Structure formats: structure tokens, C-alpha cells
A.B. asks: 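So that we are looking at the same thing, I have put the structure below in C-alpha cells.
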Amino acid sequence: MSSSRRQYPFHLIEPKWQQTWEQQQAFRAFNPGEVLPHGHPFSKRHGLEGKTASAENLPSKFYILDMFPYPSGAGLHVGHPEGYTATDILARYRRAVGFNVLHPMGWDSFGLPAEQYAVKTGQHPRVTTEANIANFTRQIKSLGFSYDWSRELATTDVEYFKWTQWIFLKLYNSWFNSETNKAEPIETLEYPDWLEKVEEYPEIDRVKGEPFHFIRPQTIEEKKRIHRDKHRLAYVSEAPVNWCPELGTVLANEEVIDGKSEVGGFPVIRKPMRQWMLRITAYAEKLLQDLDTIDWSDSLKQMQVNWIGRSEGAEVKFKISDTGGVYFTVFTTRPDTLFGATYCVLSPEHSLVAHITTPEQEKAVADYKAYAAGKSDLERTELAKEKTGVFTGAYAINPVNGEKIQIWIADYVLASYGTGAIMAVPAHDTRDFEFAKKFNLPIVQVVGSAPASGAVASALAGNTGRANASSHATPPIAADGASAAAPEAGALPFVEEGIAINSSFISGLPTAEAKKKITAWLEDKKLGKRTINYKLRDWLFSRQRYWGEPFPIIWKKDAAGNLYHEALPESALPVLPPTLEDYKPTAGGEPPLARAKEWLNEIPDATRETNTMPQWAGSCWYYLRYTDAKNAQSFVGKDADNYWMASNGKAAGVDLYVGGTEHAVLHLLYARFWHKVLFDLGHVATPEPFYKLVNQGLILGEDGQKMSKSRGNVVNPDDVLVEYGADAFRLYEMFMGPLQDTKPWNTKGVEGVYRFLGRVWRLFVDEKSETAFEQAETTTEAQRHGELLDLIMLDGGITDIAASPAQLKTLHACIRKVTEDLDGMRFNTAISAMMVFTNEAMTWQTKPLSVMKPFLQLLAPFAPHIAEELWSRLHGTFGQTAPSLAYAPWPKYDAALLVESEIELPVQVNGKFRDTIKVAMDADNATIEAAAKASEKVQQFIAGKAIKKVIIVPKRMVNLIVA
RNA sequence: GCCGGUGUGGCGAAAUGGCAGACGCACAGGACUUAAAAUCCUGGGACCAUAAAAAGUCGUGCGGGUUCGAGUCCCGCCACCGGCACCA
């Protein structure tokens, strides 16, 4: 294709207009309070030249956001500009419609690759990062996107991460008040009575994974401090974390895929470490419920719903036999099966295990704990098929029937979910069933499938049908299940809902009612309570890296010798990372920051925190900073936030956010969480950050495979641009198919839209002058080629004469289709509508200005460079006011022009299409029927037959039913 | 296993329950050209038929159903893609 003739001089047009836009600052968005410059096309369009902008005099805002990229060394690939093109088209369209559009771009520039490069070469990550940003900027700018570059930001900018650290301080200095159901400043936290009265620090108040070297606090102040620290939204925990030796850092649960790191695919092991956590679980319910208030795809919402994993059930206390009152709590979603609980299982890490294990079982339990601890997550997943576990020797009492049941430990019970302990109901849970089978534990059926008739089976109460798995080849059948009205016993495990059997006072009740009744009974007897659990875990927020935001935190020791943390004051921000020669972790496994001894001990009697924040931190609030990117007093100003995030009357936030599905549960959940905290604390005006969210689909290689370096099927936008130009590239990205779909790249397809642009060009320019231009180009040095564009003349067929009805109809049909498709984000069909227009216009002898100009406006959002160029030529020749195509009011279609006087109707006979007839638009049914019957082709099928029925759908079709 | 999505020509794809395949790619034929490229015109789901046509039949993953009429709605399968996965 490189030998083929250039369709039109995009190589000159595109840089020309990109420069023009930049010089004009054409796409700068204006905030309330700014003075709108004279001569700016936006000021002109809205009559605001020289005026001070305010929420009142500015047009409605529209905030269109792309997920900002990590500026990798590899540069842009064709997947990036897919979303960027879509948002750019909409941004340009909205400007034309009259909105004040905010469309910014920036860089998610903290990240591992630059740090790994630093470890290898010693080059500071900032140097690498800046070079990569420069390359990304060049590439993105070459595509002609209408970003407001004055708001550009990078998460690595000191002036940016200063505020990231500031937000961390807000998290650190607040707690979640479940009474008011929101985050509040830590000062509002009240202290429990025992704090002042009891000398001892109660065992019961110690949290799971209590800190590191815990020494009993000695003063009330120390106790208060510990109490506060346990309630902060940012807290320290010493718990097993996902440690990736290869990366030398811990990872959040979400960053671990199948036991391997999401980045690089390295093995991940569980290791107890002191880590910073963010209390996202406090927001589980809000994060779940508020999904209803935002316009995201069902599948994306579903992913978040699954991730949050809400489940309703009950906590039930099980006393341990022969200990006089020591108990543990289990969580179950099926309290109705309590009568079928035939043993209990604690997770190997459960704190009670050490206390209850009998001497005989001690060795077995210790061995098993060691075995379970040694397993990586990957092994745990792989070995999931075969259940393992050991008996502790201890027994629990089933609270509903007083039976003594065995307590086991097994790693199929997770320490991190629920209470870390379960009651096992093998008859009605697949996992418990497998386990019971393997270890010959009793299986008791307590739920039967509902009988076919609606008979009530209340007579079943009081029976107990029990059996040992070992003594029955087939699962036991409830002894009382024989009567016709009784629930049917089926194959076990029976995990569905049904009718309770063998369950004393709840027998005969359908599952839902049985749950209610037994939960009430448990609550009444103080043996349990209704509970809601979430799969969502707190967010592991620290990383052992150099290239991230340092924590504004220092460590000190109290009188008792306890290490404790303290926040630096806001005045200490930003906390800059130290300069290092060597970016590796220390030999002792400490983060790289620990190498900077001076920095570490800069503050008297204190040591700095050496962890840094994860990459997600910066992306949690960048959309807010865009609205007020230069604010030095605040992370975002109130007016800016109110205008850009809250002034549209809808639920909230960014009007349209486009990015890949890979962020469905990470970034999008974290950002919502931060936003909600900031909202609760009164720092932002809306409860949700992103109102409408669209995921663009993946672009595959030409071979239909995912693009990857190893497959060698990566398409570099730079190459495509050289060959076809930015407009063709943009057009093709959108023409491939629906934005949300996964679709393969096809270079031949680019040629198609490129040819279309060539046809548009030839529709407007004089062929001879173009030839002259091309000849001149061969004899002129490259630097002066731009001037030669003036040699190209408008086509003589374009004149300022009245358009024919047919021409108007072609235009207005196109306006309607393109407008409607833009509103529905159906870019592919909008483009096809413009192709239809072009194909039609090619046949015209005269091309009225009144038709050709609006067409260019339709084209402009998609292919802005060629549209601007042709627009300016029309302006040059016809001299009508055309300050800038970018702000020219969007054309409106005239429905009256699209009305047909005659209409073609399909005629069916017995539902089969046979012919079309032409009738007047307003023809009555009798006329239509007569016309249909008169058709020769139809005659063949109805001749000699009786017409039983005639169906006429006005303006749609005719169907004749014959015998 | 659970949740979500998608199945339409050789390919990317269109179709408020009403003429399936718009638009584009690839392909074939023609015009222009010394020739090619570019451009312009024409054709095209499959089958059957024919010198060529017309007419006809079948066609939206598979099997049923609703309807005058189904790619579209309902029920049951199958395949592929994405997410989650011992979450009690």
C-alpha cells in the first residue's frame, strides 16, 4: 500500500490544524471565576468575551473523561486511542451543541517498570517517566484530540501527590461511625468506659492480627491512642499478606490472579507482615447500594456486586464442651440447617485452635497448621479438589439440640471470611459433604425438596433421621419422609431451598420462613444474631517500593515500649522521596526507602514510614484535580467541584467515563471508596464520582489474537498515521464495530475509511488544482510544502444556490442519523450514514453550499482536520462567518424535509414477502388493500383463493392471508 | 461450578416484532491507461434452474413455542468470550 497515491494531503493538513488549535487554545475549558478571553471561539459562541465566567452565565457543563494511561516505555498501542477517539468525538459534538466541555488528559505515572529500570541502570525513575510521558504526549497529540492540555497532570508531580498524601491524612484522621453511617473526623470518636476505669487492657478488645510486639499500655493516653488507631480508616495491621518475592513487594488481593502477581505473573506467597490497610469494608454497603444511582453497564455493576459479595445470614455461638462457657462464633447463610450441623470447622489460623486442641491431637494439629501455612495461594487453589483437615479432639455443643459434635480444623475454611469458623451441614453443603464423606462424619438431612402439591408438612416436627456416611452406601433418607404430603428426600447434598425436616420447631417451614424463625429464636436466646457478611476485604495499601507516594507518617515509641504511628501535619506536605543511589530493597528485606538513613531519621525521636502507596492511590482522585488542576490552596476548589461534578442535576459526577474492563473492580471500586469518604467529610459535593461509565472493547491483532509483543501482532498507531493520517485512523477505530465489542484490527479496513475521506476531499476540491499542487510538491523543499496548500482550489460545482428537495433530504437524513447515533454512542453506523451521503453526493452536478457545509460539521467530530481544512476553504471562497468549526452550532434536521409523499410497502401473502407496492403516504387501508391485490406478483399467489384476512400495519406492511 | 455477555455472508458488521445482510473489506467483471497504480461503474447469502434470465426453495448456533409475521419475544440445549471461584 505504501506505493499507492495519497488520497489527500493529510500530512500537511493535520499538523496545520493541530498547531492552530494549540495556538488558539481552542479546547481550553473555563471554570467559574475565570475571565473569558476576547477572540476565543468559546467566548464568541456564547457571547461571553471579556466577561467573568460563573456557574450562572456559563452554558451547561459536560465532563468527558478517559481513563488516563500509565506511560509505558512501549508507547501507545491501538487500544488506547479507541476510547480516546470515542470521547473526543463526543467532546467535539457536545461543544458544537453548546456545552462547556471538560475533556482532560494526564498520566498515571507512578509504577513498577520505571522502578525496575532504575534498579537495573540506576537511572532515576523520574527521568524514565518524563521521557515516556513526552513520547505519549507526542503520540496522543498527533491524533488531534481536543484535550484541554492546560489541565494536564501526572500522579508523580510533586504538586499532585502532595494532595494524594493530604487525602491519605484525611483517611488516617477519620473513622466510620456506623450510627451516622458515614466517615467522621477521628475527634468525634468516643472512648469506652473501661478505658478510664479498668487498668487492664481487655483481651476482648484486641483485634484480629493485633500489632507486632504488643506490650500492655500503661497510661490512659496510650489506651486512647490504641483505641483511636483501631478505628481509623487508614490503619496498621499485622496479618498474612500476599508477598511476591520476585517483585519484592506485597500485593492487594485484587492484584493476585490464580496465586500469581497480576503484573508479571510471579508466584505469590502468604506472609505475615505489618502493613497499612484502608477500611474499604466499612463502605461495602454504600458501594453496593449506590450502584443503583449510576449509569454503568449491568455486567460491570454485576462484577462489583460479586466482588463486594454481600451475603445475609446469622452468626451462631457454639459453646465448647467441658470448658464452661468458652465459645466460638460461626457465620452461616443457612441458619435453617442448624439441626443438620454435625460437626464444626475452624480455619487453621483461628485463635482458639491452640486453646482447645487436646494433648493427643496436638502433634497432628501442629503439623496440619504448618502444612496449611506453607501452601501458597496457588497450591491452595490447585489442591482444592481434595479436602484436608484434622480433628482437634475438642467438641462443641450444637445450640439447638445440645448434641456434642466434633471440632475440626481444615483449610477449606478461610480465616479471612466471616468468623473464620463454620458449622458444617454436610447434607446441604457440597464442601461439607465432601469433607464428611472423606472423614466419615455424620450426615443429617434437614431440608427436603418441596412437595409437588402445596401440602403443609407440620406433622414432621420432632423426628431425627440420622446416619453415618460410612454405614450407608447411599445418602440417608429422612425417616419421616414417606407420607404423600411430606417433602421429598433427594440425593445429597441438597443445597437448594426447600422445606425443613427433622428440625423440631421449624420442621415443615419453607427455607425462607425457617431462616426467619430460627434466627429470631437464636436472638431471643442470645445464641446468635442476624448478620451480613461481605467478601470484600480491607484494602492493603502499602508497597515496598521506591516509586510511589511516601506516607506522611512517622513512627515513635511510647512509655511502655510500644511502637506507634503518628501523622505528619499538613504543613509537612509534600513528603518527598529521598534521593537514592540504589533502588533495590535492603538486604534485610526492608523497602528501598530504608536505605536513606538521613531521610529516615530526619525527625527527632522518630523514624519515617518506609512503605509507599500503591499505584491506585493517584488514580483515586485525578478526575477531581482536573476540575481545578492548578489550585495551590486546596486539592480542589469548592466552586470548581460544584460546577464540574455537581451542576447537572443528575446523580453525580463525571458525565461520561470511558476505559477498559480491566479496571472493573480495582480502580473503579477504590476511586468510589475515596470519593465517598471525601463526600462524607464534606470535601466534595457528590456521593459518586462517575455517573456514566462505558467500557471500550478490546482490539485484537489481525490474527484475531490478543495483541502482544510475543505474538508479534501489535499495531503501532505511529505506522498507521504515516500511511493514512490521523483522521482515517480515528474513523477506522470507530468504524470497526460497536465501541464496547471486542474486535480484530484489519489494516485493509483502514484503507476503506481512508478512501472515504478521499471521496469527501474530491467532493470539495478542484481536481486540476490538486494535480498542480502535487506537481509543485515534487519540486519544492519539504519545509515549504504547507504553503502549497493554497494552490488547491474549491470544486466549481460548489455554489451558493438553492438545494434541490432530493439534496436536502439526503442531507437531513444524514443529520438525523448522525445526531441520533452520537447520542447513542453508535459511531460505526454514524460513519456509515456519512458514507451514504457521500455516495449520493458524488452523483450531483451542483453542490449547494447549504448542503455541503452542514455535512462538514457532521464529519468534524470524527475527522476534525479534513473538516476544518475544507470548512476554511468554503469560508475563504464564500466569506461567511466561520470563526472555528469546533464551536459552530450543530446542524438540526428538519423532519418536514424527510416526509415522503409516497411510500413503498412490502406485501406478504401468508407471511411471505412477495412484492412491494407504492402508495400515497396517507393512503387509507382500502386503497392499500386494493393496491396489494392488484400487484401481478401477488396475483400469482392469491389467484383463485379466498382471502381470509388482511393485515395492514400503517406505513409498515400488508399481509394477505389466503386459505 | 456460579455470574455476565456473544453467536447473522469469505471477513468487520446493519436491521422500533414487518423486504435479513445497510455501510465497509476482500473478490469478480468493465471503463480510463501503452501498462500499472489510483479513480469511476457493475455484480454478488446458499440452493435449484438456465444459453442467460425469470420464477421457485432454503437461510441469522441447535431444538421447540408464541404470532398473520421472529435475527428480534418465550422455553430448553450447544459453543465461544469475559469475570468470580472452598466466601459457609
Side-chain angles (χ1 to χ4, degrees), chain A residues 1 3-7 257-258 297-307 309-311 313 330-334 337 345 380-381 383-385 387 410-414 416-425 428-432 434-435 495 533-537 661-662 664-665 695 697-698 704 731-732 735-738 740-753 755-756 758-759 762 767 817 826 828-836 838-839 842 904-916 937 940 948-953 955-961:
Chain A
M1 180 65 205
S3 59
S4 73
R5 190 181 144 177
R6 193 180 282 127
Q7 291 273 353
I257 314 283
D258 291 336
S297 72
D298 286 342
S299 67
L300 189 65
K301 282 186 182 180
Q302 201 56 49
M303 277 197 237
Q304 294 224 334
V305 168
N306 291 343
W307 194 265
R310 181 187 202 270
S311 57
V330 303
F331 174 71
T332 177
T333 54
R334 292 294 300 270
T337 63
V345 187
R380 263 179 104 132
T381 326
L383 299 171
K385 290 146 208 150
K387 294 276 178 294
D411 68 356
Y412 83 91
V413 174
L414 308 175
S416 49
Y417 180 76
T419 58
I422 63 154
M423 64 179 208
V425 186
H428 305 291
D429 181 282
T430 321
R431 295 151 303 181
D432 297 344
E434 283 170 27
F435 194 80
V495 299
N533 247 306
Y534 302 91
K535 283 203 293 189
L536 183 69
R537 313 284 161 80
T661 340
E662 65 272 23
V665 286
N695 289 124
L698 207 59
L731 219 47
Y732 178 64
F735 188 62
M736 291 169 80
Q740 293 90 338
D741 287 10
T742 299
K743 48 219 174 264
W745 183 268
N746 176 7
T747 300
K748 290 285 184 191
V750 190
E751 283 180 40
V753 293
R755 275 200 283 266
F756 160 67
R759 280 199 291 278
R762 290 190 295 277
E767 213 180 316
K817 180 75 178 148
R826 294 179 296 268
N828 54 333
T829 49
I831 293 167
S832 104
M834 291 187 285
M835 288 172 166
V836 171
T838 308
N839 291 346
M842 299 257 294
E904 272 201 353
L905 283 184
V907 181
Q908 298 177 350
V909 178
N910 285 347
K912 280 198 170 143
F913 167 76
R914 295 301 178 188
D915 196 12
T916 56
K937 286 177 183 169
Q940 292 176 27
K948 283 166 48 180
K949 197 173 173 187
V950 178
I951 296 155
I952 295 174
V953 182
K955 296 171 193 177
R956 275 290 168 200
M957 50 69 66
V958 184
N959 193 3
L960 305 175
I961 311 300

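The chains referred to below are lettered A, B, ... by the order of the sequence lines, with proteins before strands, and numbering in each begins at 1. Note that the coordinates shown come from a computational prediction; the quantities given were computed from them, not determined experimentally.
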A.B. asks: Among A38(B), A88(B), C25(B), which is the nearest nucleotide to the side chain of Val413(A)?
C.D. replies: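 Looking only at heavy atoms from C-beta outward on Val413(A), the closest nucleotide is A88(B).
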
A.B. asks: Would you tabulate the nitrogen or oxygen pairs shorter than 3.5 Å linking the protein to nucleotides 68-72 of chain B?
C.D. replies:
| from | atom 1 | to | atom 2 | distance (Å) |
| --- | --- | --- | --- | --- |
| C68(B) | O2' | Asn959(A) | ND2 | 3.4 |
| C68(B) | O2 | Asn959(A) | ND2 | 2.4 |

A.B. asks: Taking the P atom of each, how far is C23(B) from U34(B), in whole Å?
C.D. replies: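 C23(B) and U34(B) have their P atoms separated by 34 Å.
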
A.B. asks: So which one's nearest nucleotide on RNA chain B is more toward 5', Leu300(A) or Gly420(A)?
C.D. replies: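 Final value for this comparison: Leu300(A).
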
A.B. asks: Give one of base, sugar-phosphate or nothing for Met834(A), where a contact means two heavy atoms less than 4.0 Å apart.
C.D. replies: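 No contact at all - Met834(A) keeps every heavy atom at 4.0 Å or more from the nucleic acid.
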
A.B. asks: Categorize Glu904(A) for me: base, sugar-phosphate, or nothing, with a 4.0 angstrom heavy-atom threshold over every strand shown.
C.D. replies: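 Base: the residue Glu904(A), judged by heavy atoms under 4.0 Å, touches a nucleobase.
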
A.B. asks: Taking only nitrogen or oxygen atoms into account, show me every contact under 3.5 Å that the protein makes with nucleotides 8-15 of chain B, one pair per line with its distance.
C.D. replies:
| from | atom 1 | to | atom 2 | distance (Å) |
| --- | --- | --- | --- | --- |
| G12(B) | O2' | Met736(A) | O | 2.5 |
| A13(B) | O3' | Asn828(A) | ND2 | 3.4 |
| A14(B) | OP1 | Asn828(A) | ND2 | 2.9 |

A.B. asks: Any side-chain to backbone donor/acceptor pair from Tyr732(A) onto Gly752(A)? Under 3.5 Å, distance only.
C.D. replies: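 Pair absent, no side-chain N/O of Tyr732(A) close to backbone of Gly752(A).
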
A.B. asks: Does RNA chain B take part in any stems of at least 3 consecutive Watson-Crick or G-U pairs (both distances under 3.5 Å), and if so, which ones?
C.D. replies: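 Stems (3+ consecutive pairs) listed as B:1-7 with B:78-84, B:10-12 with B:23-25, B:27-31 with B:39-43, B:45-47 with B:56-58, B:61-65 with B:73-77.
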
A.B. asks: Where the side chain of Gln302(A) is concerned, which of C19(B), G4(B), C86(B) is the nearest nucleotide?
C.D. replies: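 Per side-chain heavy atoms of Gln302(A), the pick is G4(B).
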
A.B. asks: Closest to the Val836(A) side chain: C23(B), A26(B), C19(B)?
C.D. replies: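 The listed nucleotide nearest to Val836(A)'s side chain is C23(B).
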
A.B. asks: C1' atom, G9(B) versus G1(B): distance in rounded Å?
C.D. replies: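 Roughly 37 Å separates the two C1' atoms.
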
A.B. asks: May I ask you to say what Thr430(A) touches in the nucleic acid, namely base, sugar-phosphate or nothing, with a heavy-atom cut-off under 4.0 Å?
C.D. replies: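 No contact.
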
